[in-house]
Protein chains: 2
Amino acid sequence: MKIEIQDQYIESFKEFLTRKGLRVTNQRMAIFSAAFTCDDHFTAEELLDKSRNLDDSVSRATVYRALPLLTESNLIREVDVGKDYKYYAANKDVKTFQAQVICMDCEKIFEIDAPFMEWYGKTVAEKLLLSVEDQRLQVSARCDQLRSKGECNKVFTK
Amino acid sequence: MKIEIQDQYIESFKEFLTRKGLRVTNQRMAIFSAAFTCDDHFTAEELLDKSRNLDDSVSRATVYRALPLLTESNLIREVDVGKDYKYYAANKDVKTFQAQVICMDCEKIFEIDAPFMEWYGKTVAEKLLLSVEDQRLQVSARCDQLRSKGECNKVFTK
DNA sequence: CTGCCTGCAAACTCTTTGCACGAAT
DNA sequence: ATTCGTGCAAAGAGTTTGCAGGCAG
């Protein structure tokens, strides 16, 4: 069951590549599969590790070259939380706009539905005669629990 | 007149330094003054240039070492718009929380009052047992005007 | 077989840091 | 006189790119 769903996404990505006249290589597919089996937000470096589990010939350069394709295909989204490296996440069943709450202590990213953002960004941009391309609403926060008890048992929200 | 207002801010910064047991150096004051005479968002590199107009001994390292002091003193704020370098802006008369609309074509940053963000961030964070440290609401947009007419006459909104 | 893709390593960009000198208190 | 602050240049971190060889179509 689960495998079929996976396969469907893999098919989508192959189609995307073909449609753009790009080649379906082992490395690209390994990187894509690795990205899609992350339940979590991941960095380029983490993606490299995961990809190498599927195809140990994958190099860092290829991961970085594949990431724009993954985001362009809309199967993966970029999540820039203002650190000096970027996070990514698979677009598995995200329907509405999501805000991010970033725990500065736990290093976790919680995604929260914030449907009003769709409207807000559009309204504000239109007043300036601009068309929205992308938007983000982020809250950086401290984990009181971690700071007082020395540990935190919160779990990721997708 | 205008000079007196400026002087007041300079005094605040001197106080801040003294209070923290830090020295009031020519370079720090030059960097601070340069930052405060920018009507605009500026980068570290732009600040270096402006500072050197006031004191040509200012080095890049000192600018980077001064920036955390400037933000800690609350006289300057950091504006991270997801590029690989950071923007800064003087906190001249900012009262409410501000959202940023970033024009990807014109390279301009428009700041918009978004007072509800104060409430929103707090509410969402509390549900996760986190305390808000910082938040940002950003809209990346395209300038239709620039793309069609080849030029854009919008002006910065501080 | 053709030319896009790849791995490797070097290059790049912005920022940080170690060190010895210089200036503020 | 002490220290802290500074400029310089090198180091860092994450990402990008040039090149020669390799594999998809």
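Keep in mind that the numbers below use all heavy atoms, side chains included, and drop hydrogens, waters and symmetry copies. Being a predicted model, the structure only gives us computed values, none of them experimental. Quick note on labels: first sequence line is chain A, next is B, and so on, each numbered from 1.
Between the OH atom of Tyr87(A) and the P atom of dT15(D) there is a distance of 11 Å, rounded to whole Å. What separates CG of Asp56(A) from P of dT6(C) is a distance of 15 Å, to the nearest Å. Atom CG in Leu48(B) sits roughly 13 Å away from atom P in dC14(C) (whole-Å rounding). Here the C1' atom of nucleotide dG14(D) and the CD atom of Glu78(A) are 13 Å apart, to the nearest Å. Atom CG of Leu47(A) and atom C1' of dG14(D) are 15 Å apart (whole Å). The interatomic distance linking Met29(B) (CE) with dT6(D) (P) rounds to 12 Å, in whole Å. The distance between atom NZ of Lys20(A) and atom C1' of dC4(C), rounded to the nearest whole Å, is 14 Å. When rounded to the nearest whole Å, the span between CZ of Arg23(A) and P of dT2(C) equals 13 Å.
In this structure, the ring of Phe13(B) has its center no less than 6.0 angstrom from the ring center of Tyr9(B).
Side-chain contact check for Ile76(A) versus Asn91(A): every heavy-atom pair is 4.5 Å or farther apart. Looking at heavy atoms from C-beta onward, Leu137(A) lies in side-chain contact with Phe116(A) at the 4.5 angstrom threshold.
Each of Val24(A) and Asp84(A) lies near DNA chain D, and the nucleotide nearest Asp84(A) is the one positioned closer to the 5' end. Checking Tyr85(B) against Ser59(A), the closest nucleotide of DNA chain C that is more toward the 5' end is the one next to Ser59(A). Each of Asn26(A) and Leu22(B) was matched to the nucleotide of DNA chain C holding its nearest heavy atom; the match closer to the 5' end belongs to Asn26(A).
Of the listed nucleotides (dA24(C), dT15(D), dG18(D)), dA24(C) has the atom at the smallest distance from the side chain of Thr25(B). Which of dT17(C), dT16(C), dA24(D) sits closest to the side chain of Tyr64(B) comes down to dT16(C). Each of dT6(D), dA24(D), dA9(D) was ranked by its minimum atom distance to the side chain of Ala61(B); first place goes to dA9(D).
In this structure, the side chain of Arg52(A) engages the main chain of Val58(A) through a donor-acceptor pair within 3.5 Å. Without hydrogens or angle criteria, Glu46(B) side chain to Thr43(B) main chain gives a donor-acceptor distance under 3.5 Å.
Residue Arg28(A) is classed as a sugar-phosphate contact, given heavy-atom separations below 4.0 Å to backbone atoms only.
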